[in-house]
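Following: one structure in structure tokens, then a few remarks.
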Number of protein chains: 2
Amino acid sequence: MNNASKSEIKRKALIDATVELVNNNGFHATPMSRIAKMAGVSAGTIYLYFENKQDLVNQVYIEVKAAFTNYAFRGYKEGMSVEKGFKIIWKNIAEFKLKEFEEAYFLSQCDNTPIIDESGRQEGLKHLQPLLDLWEKGKQEGIIKNVSPFSLYAFSIYPVAFLMNMQQRGAFQLTPQHIEEAYEMAWDSIKK
Amino acid sequence: MNNASKSEIKRKALIDATVELVNNNGFHATPMSRIAKMAGVSAGTIYLYFENKQDLVNQVYIEVKAAFTNYAFRGYKEGMSVEKGFKIIWKNIAEFKLKEFEEAYFLSQCDNTPIIDESGRQEGLKHLQPLLDLWEKGKQEGIIKNVSPFSLYAFSIYPVAFLMNMQQRGAFQLTPQHIEEAYEMAWDSIKK
DNA sequence: TAATAATGAATGAACGTTCATTCTTGATAT
DNA sequence: ATATCAAGAATGAACGTTCATTCATTATTA
């Protein structure tokens with residue numbers, strides 16, 4: 001095993017530890033020492049991989065966000081019909097939030113608090129462009145409501161985060177049946 | 001002016017300061033000393049009104065949540081039709097999130113992070129019952145989709161918080177036109 | 001053995017909370 | 001009216017702890 005991959009393993013361990021600890025305690029209640037311990041390295045080692053705590057959490061955010069958007073567009077092609085394309089992307093997103101719960105919950109926390117600075121946010125938003133393009137096409141075809149992409153996102157994608165949070169708190173169970181119903185609601189809210 | 005109202009003024013100042021500072025910096029990055037300074041009292045005085053920092057933020061949460069639900073049901077009567085009742089409640093909620101932005105943003109942050117403990121959450125959820133009852137009635141009348149109240153909330157109410165957050169970040173402007181469109185999307189998502 | 005990676009004790013700043021002290025209030029006495 | 005004073009309210013310096021970060025030392029690597 002070469003150095004690059006050893007480094008990568010430690011980096012990954014630090015990122016995973018950060019996600020888990022920030023999910024359970026919040027950013028400021030997560031000491032660097034605990035991140036180090038959970039990742040199996042010493043406190044000082046973190047500073048070989050990241051500039052400081054803020055840089056660590058920024059990089060975690062960007063990396064997790066990239067994994068999310070990558071997942072979201074699996075099997076999606078630009079040429080698809082608006083309805084079919086949206087269904088694929090929506091289901092991918094729902095699946096991600098179910099299967100990769102820790103990562104999804106971390107993103108939800110970052111997106112609703114002042115943990116991440118503006119530059120990190122911009123960076124994370126970039127990769128959603130294909131969905132915005134699809135919606136634009138849908139508007140031109142008269143299939144999608146002629147409203148701001150923020151509204152489309154708010155009503156069709158954002159609600160999945162709420163369902164995920166409720167499932168996390170044990171309030172209810174997200175079954176495939178629920179997912180199917182939720183997709184119908186998402187589509188009903190944005191279709192013309 | 002008697003002592004009781006003087007106390008109330010200071011308490012209010014402390015609660016307002018907490019909301020504003022937690023909104024801008026997050027709970028753990030808000031020192032008690034800054035809350036005290038912003039409220040115009042000394043650090044020690046906080047402990048005459050609240051047990052400790054956690055108790056302070058819990059009480060702020062419960063109080064703000066109560067103000068929110070109180071606002072939400074203005075002008076609503078149990079006997080109303082489902083569609084009319086929902087419209088009134090939805091518009092109230094939207095108006096609250098626009099006009100009382102600081103308070104609404106504070107709630108959004110508490111509801112998406114581990115700041116508030118479970119008991120505080122339960123307390124905050126209590127007061128939404130009339131909306132749940134209205135939805136139940138709507139299901140029986142075949143007007144509302146026969147899905148979990150969590151789904152109904154996720155798709156019709158929760159999205160407003162996203163729009164509010166985006167407006168806060170200057171990403172876009174929530175005009176009355178946007179509100180009207182958003183209401184249509186909310187209704188389309190839950191109606192049968 | 002030279003270069004690189006990793007360690008963890010040490011540092012200093014910042015924080016929540018306490019408490020000895022000071023200030024304010026308003027009832028009573030003059 | 002004015003002075004006195006007891007009691008509660010408020011203060012803010014001080015305390016003990018925790019934390020992010022550093023760096024002299026040690027271990028690993030090639």
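What you see below is based on every heavy atom in this structure, not just the backbone, and it leaves out hydrogens, waters and symmetry mates. Chain A is the first sequence line, chain B the second, and so forth, proteins listed ahead of strands; every chain is numbered from 1.
Atom pair B:N52:CG and C:dC15:C1' shows a separation of 14 Å (rounding to whole Å applied). In this structure, the CG atom of A:L56 is 13 Å from the C1' atom of D:dT21, given to the nearest Å. Look at CG on B:N25: it is 10 Å from P on C:dC15, rounded to the nearest Å. Rounded to whole angstrom, the span from the CG atom of A:D55 across to the C1' atom of D:dT21 amounts to 14 Å. Between A:M32 atom CE and C:dT7 atom P there is a gap of 14 Å when expressed in whole angstrom units. Rounded to whole Å, atom P of D:dT22 lies 16 Å from atom CZ of A:F50. B:I46 has its CD1 atom 13 Å from the C1' atom of C:dT18, to the nearest Å. Following rounding to the nearest Å, A:H28 (NE2) and C:dA14 (C1') show an atom-to-atom distance of 13 Å.
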With the criterion being N/O to N/O and under 3.5 Å, what pairs connect the protein with nucleotides 8-13 of chain C, and how long is each?
unit_1	atom_1	unit_2	atom_2	d
C:dG8	N7	A:S42	OG	3.4

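Of all nucleotides listed (C:dA5, C:dG16, D:dA9), C:dA5 comes nearest to the side chain of A:L48. When distances run from any side-chain atom of A:Y47 to the nucleotides C:dA6, C:dT17, D:dA20, the shortest one goes to D:dA20. Closest to the side chain of B:K53, from the set C:dG16, D:dA20, D:dA10, is C:dG16.
For the residue pair B:Q59 and B:D55, a side-chain donor N or O sits within less than 3.5 Å of a side-chain acceptor on the partner.
B:Y49 comes within 4.0 angstrom of sugar-phosphate atoms only, judged by non-hydrogen atoms across all strands, and of no base.
At least one test fails for A:K53 against the ring of A:Y47: distance under 6.0 Å to the centre or angle within 45° of the axis.
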(message) Does A:Y76 form a side chain to side chain contact (heavy atoms under 4.5 Å, CB included) with A:M80? I'd like the steps, not just the answer.
(response) CA-CA 8 Å; A:Y76 170 71; A:M80 283 176 171; 3.8 Å; yes
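A donor-acceptor pair is defined here as one N or O able to donate and one able to accept, closer than 3.5 Å; such a pair exists between the side chain of B:W90 and the backbone of B:S156.
For D:dA9, the OP1/OP2 oxygens have no side-chain nitrogen or oxygen of B:K10 closer than 4.0 Å.
Under a hydrophobic clustering in which Ile, Leu, Val, Met, Phe, Trp and Tyr are joined whenever their side-chain heavy atoms come within less than 4.5 Å, directly or via other members, B:V147 and B:I144 fall into the same cluster. Cluster annotation: B:F101 and B:V60 are assigned to distinct hydrophobic clusters (Ile/Leu/Val/Met/Phe/Trp/Tyr, side-chain heavy-atom contacts under 4.5 Å, transitive).
Ring to ring, B:H178 and B:F172 are close: their centroids are under 6.0 angstrom apart. Aromatic rings of B:Y153 and A:F162 (six-membered ring for Trp) have centroids within the 6.0 Å cut-off, being under it.
Under the side-chain hydrogen bond (donor to acceptor under 3.5 Å, both in side chains) rule, B:Y71 has a single partner from B:K99, B:E95, B:E103, B:K97, which is B:E95.
Remark: DNA chain C takes part in the stems C:1-30 with D:1-30, each of 3 or more antiparallel Watson-Crick or G-U pairs, criterion distances under 3.5 Å.
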